[in-house]
Amino acid sequence: MNLRPHHLLCIQKYTGHGYDENFTNHMDNTVDSLAEGCSVTLIEGCDDLCIACPNNIDGNCNSLDKVKQMDEAVLGACGLSYGMSSEWSKLANLARGKIFETSEFDKICYYCEWFELCNNTPII
Ligand code: SF4
Ligand code: SF4
């Protein structure tokens with residue numbers, strides 16, 4: 001599966017909320033696939049989650065600058081690069097240790113519209 005880096009965070013904080021029904025249905029399927037064990041490649045730009053998002057306009061996120069910043073911050077905090085591939089569980093654990101369990105979470109996610117919800121959502 002191709003994922004943009006900040007989606008390593010969003011997927012772990014997902015509680016069924018999203019932009020519309022199509023997006024949340026797709027998110028549900030994605031979370032199920034990852035839970036079954038899945039290799040993930042980190043990509044720049046729209047990914048396998050973005051394909052069902054109403055904010056994806058002709059292959060570009062309409063919050064391009066904000067999400068690009070978050071992607072790069074996640075790469076930096078985790079010591080990852082675009083193009084790297086690994087098991088979902090390893091990447092999820094890395095993001096947990098380097099971001100959710102540190103002050104990086106506030107720094108990276110504070111300006112996201114979902115921050116309050118995610119900040120109150122424990123990682124399972
Ligand atoms: S606050 Fe936004 S970017 Fe951060 S995990 Fe939640 S939805 Fe993703
Ligand atoms: S298109 Fe933008 S808002 Fe939608 S899932 Fe992708 S990064 Fe998030």
Side-chain angles (χ1 to χ4, degrees):
M1 183 181 302
N2 290 327
L3 291 179
R4 59 190 315 154
H6 84 269
H7 284 163
L8 298 179
L9 308 180
C10 310
I11 290 165
Q12 296 191 75
K13 290 285 190 178
Y14 178 64
T15 52
H17 301 273
Y19 301 109
D20 61 19
E21 192 178 351
N22 184 44
F23 182 81
T24 53
N25 286 340
H26 181 63
M27 191 77 172
D28 290 341
N29 293 334
T30 301
V31 168
D32 288 347
S33 298
L34 291 168
E36 285 167 11
C38 181
S39 176
V40 168
T41 299
L42 297 171
I43 65 158
E44 191 166 6
C46 279
D47 66 3
D48 287 338
L49 273 185
C50 301
I51 55 173
C53 181
N55 298 316
N56 176 353
I57 310 297
D58 298 329
N60 288 304
C61 178
N62 66 6
S63 300
L64 184 62
D65 289 344
K66 186 174 79 174
V67 295
K68 189 172 161 59
Q69 252 180 4
M70 287 197 287
D71 286 336
E72 288 171 2
V74 169
L75 291 178
C78 294
L80 296 166
S81 309
Y82 288 121
M84 288 176 74
S85 297
S86 185
E87 285 302 306
W88 161 251
S89 58
K90 287 187 184 160
L91 291 171
N93 283 336
L94 187 62
R96 179 190 295 226
K98 298 287 188 184
I99 297 174
F100 287 136
E101 294 173 358
T102 73
S103 58
E104 290 295 320
F105 175 47
D106 283 13
K107 281 195 234 167
I108 294 170
C109 288
Y110 184 75
Y111 293 103
C112 175
E113 64 187 289
W114 302 97
F115 178 71
E116 195 176 336
L117 177 65
C118 291
N119 197 30
N120 289 313
T121 302
I123 302 287
I124 301 164

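Indexing begins at 1, ligand by ligand and atom by atom, following the structure's order.
Ring-plane geometry between Phe100 and Phe105 is classed as perpendicular, the angle between the planes exceeding 60 degrees on a 0 to 90 degree scale with a lower cut at 30. Relative ring orientation between Trp114 and His17 is described as tilted, the plane-to-plane angle lying within the 30° to 60° band.
The closest side-chain heavy-atom distance from Val40 to Glu87 is not below 4.5 Å.
Using modelled atom types and a 3.5 Å distance limit, the side chains of Asn119 and Tyr110 yield no donor-acceptor pair.
Close approach to Cys112 involves these atoms of ligand 1, each under 4.0 Å from a residue heavy atom: 1 (S), 2 (Fe), 3 (S), 7 (S). Those atoms of ligand 2 with a heavy atom of Cys61 less than 4.0 angstrom away are 1 (S), 2 (Fe), 3 (S), 7 (S). Atom numbering of ligand 2 starts at 1 in the shown order; those under 4.0 Å from a heavy atom of Arg4 are 7 (S). Listed by number with element, the atoms of ligand 2 under 4.0 angstrom from any heavy atom of His7 are 5 (S), 6 (Fe), 7 (S), 8 (Fe). Residue Phe115 has at least one heavy-atom neighbour below 4.0 Å for each of these atoms of ligand 1: 1 (S). For ligand 2, the atoms sitting less than 4.0 Å from at least one non-hydrogen atom of Cys53 are 1 (S), 3 (S), 4 (Fe), 5 (S), numbered in the order shown with element in parentheses.
Across every non-hydrogen atom of Ile123 and Gln12, the tightest pair is CD1-O, 3.6 Å. The minimum heavy-atom distance linking Leu91 with Ser86 is given by the pair CG-CB, 3.8 Å.
Side chain of Asn93 to backbone of Ser89: a donor-acceptor contact under 3.5 angstrom is found.
One of the N, O or S atoms belonging to Cys118 lies under 2.8 Å away from atom 6 (Fe) of ligand 1.
Of the protein's non-hydrogen atoms, Cys50 SG, 2.3 Å is the one closest to atom 6 (Fe) of ligand 2. Summary of contacts: the protein heavy atom closest to atom 4 (Fe) of ligand 1 is Cys109 SG, 2.4 Å.
When heavy-atom distances to ligand 1 are checked against a 4.0 Å cut-off, Cys10 comes that close through both its backbone and its side chain. With a 4.0 Å heavy-atom cut-off, ligand 1 is reached by the side chain of Met70 but not by its N, CA, C or O.
When Asp71, Asn2, Asp48, Asp47 are each tested for a side-chain hydrogen bond (donor to acceptor under 3.5 Å, both in side chains) with His7, only one passes: Asp47.
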